[in-house]
Amino acid sequence: MNEKLRLSRRKVLAGIGVVGLASAGAGAGTSAFFSDEEEFVDNSLVAGELDLLVDWQQTYDFGDGQTFVSAHPDHDNDGEQSIIDPETQTVQNYSDFPDDDDADSNGANIPGLTCENIPPLSEADFGVDPVTDENMETLVQFSDVKPGDSGEITFSLHLCDNPGYLWMQADNVSEDGGILTEPETAVDPDNLGTLGDEIQATLWYDEDCDNVYDIDEPVDIMLTLDFSGSMLYDQYGGLVSTDDIQLNGTTLSETTKIDLVELGTRQFVDYLQSQNADVQVGVAYFDGEGTDDNVPRTGILQPLTTDLSVVDGALSGLRQKLANVVTGSAPSTPFDGDGNPSPFFTNGIATGTYIGEGVDDAQAEIDANGRNGVDYTNIILSDGESFNGTGSTQFSDPVTAADNARAGSLSPPTDVFTISVGSANDSILQSMAGSAGGTGGDTSFFNDVDNPLDIPNVFGNLAAQTVAEKVILQDSLATVLTELADGNGIPLDGNRATIYDELTDPADDSDREAFRGDGVMHCVALSWELPFEVGNEIQGDTLGFDLGFYTEQERHNDGSGPSVPA
């Protein structure tokens, strides 16, 4: 049987180059006593860019277990996704299987892939059919599919530069009964093409990009948040924009980093609540210290609890709670009401960023109130580098604190996710990130957020990883292809924590968000299986289709897509 899938040429809206160049000058006056000159030189307008890059890992099981089929990039063409790290000159591999030669294998598409190092699709090698050993000229080209066979592809999507909306699409879907064999005559005398109807398929968001659909697992989560002055006060870079922001029914006349953290963390909690997740959630905070302080201003904002409505309440009004910690007199708490929440306040602000103490406090809470027999997660957000304030105490090293958290030195072994915002020390926060029991420096646990406006999206994606991964459609492959080929295809949601139905809600629904750009990796997976009970009716049947992704910029578009299907 021939089964062909061609990854369509990506379609993007992009502008390149200089589209305008102007200069103006005013000459000197006619008077020798009065003269003036004004000029505005080297003015230019440069069109923005929108570029979608795709990498993938594909596997196939024809009865002997999962086998690597094709990947992109694949530096040695062995079917397993791999690159040569340009800095270390070492090979980085994907591996979803035990790999004694790859101590850092984390069962996911390579997290180090970026817009700078993903080769174009024109350089892709589609691998070899694992049954026939024939070279494949398209993404899926299996010529001997049998009942019991299955396969899976996880696509990693990287939207470079500007934010944009994304669709997944199919085209040129064709099905044929092929050669009518003698055994097929008895059950399918009309020789209908039914292969697509018999193959069962699942399309889902593979949040951790590991080529496996993940179910819901019980977990206790601490949100460890930066409450330093640079999260709120303009003089320290806390003001993001003068645009309004809506929080808890109140309109604030400017947007600060802590406002976006409130928006993102409450969305995180609301999503877990909507999914009936088996979780406890707590909140820790960290600032620095004032001149006369002898202890850092860190602590627990909300102890671990299964009552997520209580956590939601603790995460409301973060601007005032941060101000209480940062501008109040010691001993300072988030609830004493003595802080000034105006972003333009400039007096009496405690300085320093005690990330390590925040991690220690969160881990102590997990140790004291965590449930037995569950997983543990600490999500740490900071926009600065850990350093002493103006007081008299020494601070805990954040990398050591994270190492202890992952190892379980002072509490149960804990996954450590880090979020680096803006000017934060990326190297420190990346060194802290990693799985429970594992080493630090795992980029799949590290989130680099250059633009603070992306903070809610990061929390949304982490929320989606906490619960069972979101299934877009589970049905026959024929039905999946029909949906992908209908109109503009299936609109994808850049923030899975928003409650959006890709199949029934309109593409311009307010709950569907654009993908934020900056090359952040998002993964969509398609798995398929031809059940054992399928009989002779599919002998010789063929199924062909194109598969692709479409993107258009967010600005000046509402997400409804092109008027004519691409």
Side-chain angles (χ1 to χ4, degrees), residues 5 7-13 50-56 109 115 139 152-171 201-209 211 213-214 267 271 454 456-465 467-475 479-527 545-555 557-562 565-566:
L5 181 155
L7 187 65
S8 301
R9 177 180 61 84
R10 65 180 182 273
K11 315 174 191 77
V12 297
L13 302 179
L50 184 67
D51 192 13
L52 175 63
L53 298 181
V54 180
D55 65 88
W56 70 82
N109 285 15
C115 292
L139 184 62
E152 196 273 348
I153 310 171
T154 287
F155 297 100
S156 297
L157 310 175
H158 307 252
L159 190 57
C160 306
D161 303 302
N162 286 303
Y165 295 101
L166 278 171
W167 285 258
M168 188 172 183
Q169 300 175 326
D171 198 6
T202 303
L203 180 67
W204 81 96
Y205 293 104
D206 190 5
E207 298 294 347
D208 53 2
C209 303
N211 291 63
Y213 174 72
D214 296 322
Q267 188 179 77
Y271 183 70
D454 294 342
N457 296 75
V458 172
F459 277 106
N461 295 340
L462 290 172
Q465 291 184 42
V467 299
E469 290 175 332
K470 182 179 180 182
V471 173
I472 300 172
L473 179 59
Q474 189 171 38
D475 209 308
T479 298
V480 172
L481 293 174
T482 297
E483 292 289 346
L484 290 171
D486 183 34
N488 296 316
I490 294 179
L492 302 177
D493 188 6
N495 182 355
R496 270 72 74 196
T498 54
I499 311 302
Y500 175 73
D501 190 311
E502 287 78 2
L503 301 181
T504 61
D505 290 338
D508 59 354
D509 191 284
S510 60
D511 283 331
R512 181 196 177 204
E513 295 190 16
F515 290 73
R516 297 312 308 175
D518 297 327
V520 176
M521 184 167 69
H522 297 264
C523 291
V524 177
L526 175 66
S527 66
F545 50 95
D546 293 344
L547 193 65
F549 297 90
Y550 168 80
T551 183
E552 64 182 26
Q553 67 179 8
E554 178 186 28
R555 192 165 65 185
N557 288 300
D558 60 5
S560 58

*Asks:* Distance-only, no hydrogens or angles: does the Tyr500 side chain make a donor-acceptor pair with backbone N or O of Pro506 under 3.5 Å?
*Replies:*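 A pair under 3.5 Å: yes.
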
*Asks:* Donor-acceptor check, side chain of Asn162 to backbone of Glu554, threshold 3.5 angstrom: yes or no?
*Replies:*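 Absent.
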
*Asks:* Set out, in order, the CA-CA distance, both residues' side-chain angles and the distance that settles side-chain contact (heavy atoms from CB on, under 4.5 Å) for Asp511 and Asp505, then state yes or no.
*Replies:* CA-CA 9 Å; Asp511 283 331; Asp505 290 338; 5.9 Å; no

*Asks:* Once you round to the nearest 0.5 Å, how far does CG of Asp509 lie from OG of Ser560?
*Replies:* 12.0 Å

*Asks:* Once the angle between the rings of Phe155 and Phe549 is folded into 0 to 90°, is it parallel (under 30°), tilted (30 to 60°) or perpendicular (over 60°)?
*Replies:*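 Correct class here is perpendicular.
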
*Asks:* For the atom pair CG (Asp55) and OG (Ser156), what is the distance rounded to the nearest 0.5 Å?
*Replies:* 4.0 Å

*Asks:* Kindly give the heavy-atom pair with the smallest separation between Pro456 and Gln267, and that separation in Å.
*Replies:*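 Shortest heavy-atom contact: O-OE1, 3.5 Å.
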
*Asks:* Looking at Trp204, I'd like to know if the NZ or CZ of Arg496 sits under 6.0 Å from its six-membered ring centre while staying within 45 degrees of the ring's axis.
*Replies:* no

*Asks:* In Å and rounded to the nearest 0.5 Å, what is the CD to CG distance from Gln169 to Leu547?
*Replies:* 9.5 Å

*Asks:* Have Glu502 and Tyr205 got a donor and an acceptor in their side chains that come within less than 3.5 Å?
*Replies:* yes

*Asks:* Of all residues at least two apart in sequence or in a different chain, which pass the ring-ring contact (aromatic ring centres under 6.0 Å, His included) check with Phe515?
*Replies:* His522

*Asks:* Heavy atoms only: give me the nearest Pro491-Arg512 pair and the separation to one decimal.
*Replies:* CB-CZ, 3.4 Å

*Asks:* Considering the options Leu462, Thr498, Val467, which one meets the side chain to side chain contact (heavy atoms under 4.5 Å, CB included) requirement together with Tyr271?
*Replies:* Val467

*Asks:* If I compare all heavy atoms of Asn495 with all of Gly460, which pair ends up nearest, and what's the gap?
*Replies:* OD1-CA, 3.1 Å

*Asks:* Identify the two heavy atoms, one from Glu152 and one from Ser527, that lie closest to each other, and give their separation to 0.1 Å.
*Replies:* CG-CB, 3.7 Å

*Asks:* On a heavy-atom basis, which atom in Asn457 and which in Gly494 lie closest, and how many Å separate them?
*Replies:*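 For Asn457 and Gly494, the tightest heavy-atom pair comes out as ND2-O, 3.9 Å.
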
*Asks:* Taking atom CG of Asp546 and atom CG of Leu484, what is their separation to the nearest 0.5 Å?
*Replies:* 12.0 Å

*Asks:* Nearest 0.5 Å please: distance from the OG1 atom of Thr551 over to the CG atom of Leu159.
*Replies:* 4.5 Å

*Asks:* Any chance you could lay out the side-chain contact (heavy atoms from CB on, under 4.5 Å) test for Asp208 and Asp206, step after step, and finish with the verdict?
*Replies:* CA-CA 6 Å; Asp208 53 2; Asp206 190 5; 3.1 Å; yes

*Asks:* Do side-chain atoms of Tyr213 reach the backbone of Glu469 as a donor and acceptor pair under 3.5 angstrom?
*Replies:* yes

*Asks:* Between Val458 and Arg516, does a side-chain contact (heavy atoms from CB on, under 4.5 Å) hold up when you go through it step by step?
*Replies:* CA-CA 10 Å; Val458 172; Arg516 297 312 308 175; over 6 Å; no

*Asks:* Could you check whether any side-chain heavy atom of Leu157 comes within less than 4.5 Å of a side-chain heavy atom of Val54, counting everything from C-beta outward?
*Replies:*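 Answer yes - side chains close enough.
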
*Asks:* Run the numbers on Leu203 and Ile490 for side-chain contact (heavy atoms from CB on, under 4.5 Å), then give the verdict.
*Replies:* CA-CA 11 Å; Leu203 180 67; Ile490 294 179; 3.9 Å; yes

*Asks:* Provide the closest heavy-atom pair for Cys523 versus Thr154 in the form atom of the first, atom of the second, distance.
*Replies:* CB-CG2, 3.9 Å

*Asks:* How long is the gap from CD1 on Ile472 to CG on Asp493, to the nearest 0.5 Å?
*Replies:* 9.5 Å

*Asks:* Taking the side chain from Asp508 and the backbone from Gly559, do they hold a donor-acceptor pair closer than 3.5 Å?
*Replies:* no

*Asks:* Do Glu207 and Lys470 sit within salt-bridge range, that is, some charged N less than 4.0 Å from a carboxylate O?
*Replies:* no

